[in-house]
There are 2 protein chains.
Amino acid sequence: MSSDRTRSAILAAAEKLYADRGFGDVTLRDIVAEANVNLAAVNYHFGSKDELIAELFVTRSLATNRERLNALKLAEEKGGGRAPIDAILHALVGPTLRGCLGPDREGSTAARFMIRASIESVPPIRRIKNREVDHLRKFIAAMRRAMPGRDDADLYWGLHFALAMSHHTIREKERLARLSEGQCDLNDVDAIVDRVVSVSVMALTGGEAPARKAPSKVAAPHGRLTRQDL
Amino acid sequence: MSSDRTRSAILAAAEKLYADRGFGDVTLRDIVAEANVNLAAVNYHFGSKDELIAELFVTRSLATNRERLNALKLAEEKGGGRAPIDAILHALVGPTLRGCLGPDREGSTAARFMIRASIESVPPIRRIKNREVDHLRKFIAAMRRAMPGRDDADLYWGLHFALAMSHHTIREKERLARLSEGQCDLNDVDAIVDRVVSVSVMALTGGEAPARKAPSKVAAPHGRLTRQDL
DNA sequence: TTGCAATTCAAACACTTGTATGAAACTATC
DNA sequence: GATAGTTTCATACAAGTGTTTGAATTGCAA
């Protein structure tokens, strides 16, 4: 079982280096140097560089999706099987934003890795992201229950815009900070979540404007994967 | 002046290949093969691979920004120096969306190149994008004139969200099409622009909900640059 | 035509990349 | 303590990368 130490060391080193310097700039030799293991260990434990990256991303991605679904389930239970639209959107964007922004998560390797993955989008990560559709459909279903009259297309657009605002905020937080010269507070994650949710609700309702809040957790460290996917 | 033929051939070949296969997958040898020129020609005419990419992106980016500012100027003139907020947002997101989406631009190399640049974000392109701040400030200024009472932070968030929705739509149009199983019409660009503008206006006004339209042009082919930047 | 600069070309350079190999070291079971 | 399976290691491999070189070729002006 000492192999687990090597495996974990590689995962940790890779996540750190990718978070710091991006996928294009980090070689396997950099990773094994950081992890203090042999070069061949990566291929021995993961098969290839791409599979290493995939496992890294799947782990974090699974954690976020789990949080999302938990929050959604909680909201639906509280509403007796029908969650209000703002709670649904909160469950959708809250975990992502909370996982990547905020002063506590700021220095976190996991957060910076997910930000990097959101910016660079290398092939193994893109492959995984493409399978997220089923996961999102669960939110569409909940939205349909919350707004029975609405056209499906409007629901899709609403979900799409909600993801747009949260991902773009993560991707471009530096630029927004610079553009606004600090006037946009990117450390107040709750306020950002509320803002994204409130705009998304407006997009869906066509301009009436409610918006409350809902709970959310943070990400967990790496557990070993059974080569499952998203 | 036969050098210009080589230069142009390289630019055209590079844009096509990058658009088709992405930056990570295309080598200089691929480009010179497509362009039917010698390998050394790239470094002779552009200095380096990165400078070639930069010139490619700057050309298209400049064209979009020119369109944006034209539309903004037109809207402000029509309003006597004070354009309505929806016209400002239309000027901001219209050229970008129209340049990348729509059935006519669909097969366009320029459009596909810009989509690729929006997805992959390679270092020379990121460097250029980082200088877009000054350009965006002009829209902030116009928005400030249109909504004198509003907090600056709200204006920045509104502009940020408008860009979020348009860029995310460009980046993830495939996914949205698949998720919605064709129910979101990604060929009706005008409708998309209106939708993005209308949501952005709601985000800025807090839920009253107007939204009209404004004009826009298409991109031009490559002219020679004088090594200027954005 | 001559001369000179700009351009093209084939070839090589210098280096990095992910991956494979096969022997050595380790670990746990009998 | 011998054996079988797992893990580590140094090293080599094969291929591909952007860039440079220096000689040919071209185009244009005097």
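Just so we're on the same page: letters track the sequence lines, and every chain starts at 1.
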Give the nucleotide from the list [options] with an atom nearest to the side chain of [X].
X     : options               : value
B:L39 : C:dT8, C:dA12, D:dT7  : C:dA12
B:T27 : D:dT17, D:dT19, C:dT8 : D:dT17
A:L28 : D:dG18, C:dT19, D:dT8 : C:dT19
B:K49 : C:dT19, D:dT8, D:dG18 : D:dG18

- request: May I have the step-by-step check of side chain to side chain donor-acceptor pair (under 3.5 Å) for B:S121 and A:R171, ending in yes or no?
  value: CA-CA 11 Å; B:S121 184; A:R171 282 169 58 92; 5.5 Å; no

[atom1] of [X] versus [atom2] of [N]: gap in Å, rounded?
X     : N      : atom1 : atom2 : value
A:N36 : D:dA10 : CG    : P     : 11 Å
A:F46 : D:dT7  : CZ    : P     : 12 Å
A:R7  : D:dT8  : CZ    : C1'   : 16 Å
A:R5  : D:dT7  : CZ    : P     : 13 Å
B:Y44 : D:dT26 : OH    : P     : 16 Å
A:D25 : C:dT17 : CG    : P     : 9 Å
B:I10 : C:dC9  : CD1   : P     : 10 Å
A:D30 : C:dC15 : CG    : P     : 17 Å

- prompt: Looking at B:D30, B:I31, B:D25, which one forms a side chain to side chain contact (heavy atoms under 4.5 Å, CB included) with B:Y18?
  reply: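 So the option named by the test is B:I31.
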
query: Just by distance, do the side chain of B:S166 and the backbone of B:A162 share a donor-acceptor pair under 3.5 Å?
result: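 Side chain of B:S166 to backbone of B:A162, a donor-acceptor pair under 3.5 Å: yes, one is there.
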
[X] side-chain N/O to [N] phosphate OP1/OP2 under 4.0 Å:
X     : N     : value
B:N38 : C:dT7 : no
A:H45 : D:dT8 : yes
B:T6  : C:dT7 : no

Nearest-nucleotide 5' precedence on DNA chain D, A:A40 against B:N43: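 Result: A:A40.
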
field: Upstream residue (5' side of DNA chain C) when B:V37 and A:V42 are each assigned their closest nucleotide
entry: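 Looking at DNA chain C, the more 5' nearest nucleotide goes with B:V37.
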
- prompt: Under 6.0 Å between ring centres, would you say that holds for B:F113 and B:F23?
  reply: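 Yes, they do, as the ring centres are separated by less than 6.0 Å.
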
- request: Answer yes or no: side-chain N or O of B:R29 and base N or O of D:dG16 forming a donor-acceptor pair under 3.5 Å.
  value: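 Such a pair does not exist between side chain and base.
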
- request: List the atom of B:I170, the atom of B:S118, and the distance in Å for their closest heavy-atom pair.
  value: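 Heavy-atom minimum between the residues: CG2-OG, 4.4 Å.
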
